[in-house]
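Report on the following structure.
For reference, positions follow the sequence shown, starting with 1. Values below: all heavy atoms of this structure, side chains included; hydrogens, waters and symmetry mates excluded.
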Amino acid sequence: MVKLDPDMPSRLLRTQEAAHFLGLSLRTLEKHRTYGTGPTYRKIGGRVVYSVEDLQAWTEQGARKSTSEQTSRKVYPARPLTAEEQGKL
């Protein structure tokens, strides 16, 4: 059995695994990447990969305790952003 070094970074997920982790369709996550509205990703060779920490951090942007809670952080839909929305990133 291989012991993992706690100082090593977590496993990187490919797009399909990351989409499953987030509960999104593969296509939706690809659109987020295209529009710049999704989680941070890395390009290694021709492969796109996501760290679990980056996926969790992205979802935390949408965390709320009530529907009336106002916050400056937002998870935008997978679409081109308006100029006003881009200024808030």
Side-chain angles (χ1 to χ4, degrees):
M1 182 160 81
V2 177
K3 283 192 171 183
L4 296 178
D5 183 348
D7 296 327
M8 288 188 62
S10 71
R11 181 171 178 254
L12 297 173
L13 305 178
R14 289 191 177 183
T15 304
Q16 187 168 0
E17 296 169 312
H20 180 74
F21 179 85
L22 294 169
L24 300 174
S25 73
L26 174 66
R27 187 67 185 122
T28 297
L29 186 54
E30 289 171 342
K31 286 180 181 180
H32 274 296
R33 190 170 63 240
T34 299
Y35 299 132
T37 57
T40 301
Y41 68 93
R42 289 155 180 78
K43 194 108 185 225
I44 300 175
R47 294 187 173 134
V48 173
V49 293
Y50 298 84
S51 76
V52 173
E53 288 86 4
D54 288 338
L55 297 174
Q56 290 172 326
W58 182 67
T59 64
E60 284 299 313
Q61 291 178 34
R64 306 286 187 275
K65 291 187 178 190
S66 75
T67 57
S68 62
E69 183 177 349
Q70 297 296 317
T71 179
S72 62
R73 301 184 73 198
K74 183 176 183 180
V75 175
Y76 289 97
R79 61 165 170 72
L81 298 179
T82 66
E84 181 182 341
E85 291 170 334
Q86 288 179 358
K88 293 180 181 180
L89 289 180

message: Listing request: all salt bridge (Lys or Arg N to Asp or Glu O under 4.0 Å) pairs with a residue in residues 34-51, at least two apart in sequence or in separate chains.
response: R42-D54
Sequence neighbours excluded, every pair satisfying salt bridge (Lys or Arg N to Asp or Glu O under 4.0 Å) that has a member inside residues 21-31: R27-E30
Set of side-chain hydrogen bond (donor to acceptor under 3.5 Å, both in side chains) partners for [X], sequence neighbours left out:
{"X": "R14", "answer": "none"}
{"X": "T28", "answer": "S25"}
{"X": "Q56", "answer": "none"}

- prompt: Going by the ring pair (Phe, Tyr, Trp, His ring centres under 6.0 Å) test, which pairs reach into residues 12-58, not counting sequence neighbours?
  reply: H32-W58
task: May I ask you to test the S51-T40 pair for a side-chain heavy-atom distance under 4.5 Å?
output: no
message: Nearest 0.5 angstrom please: L29 CG to L55 CG, how far?
response: 7.5 Å
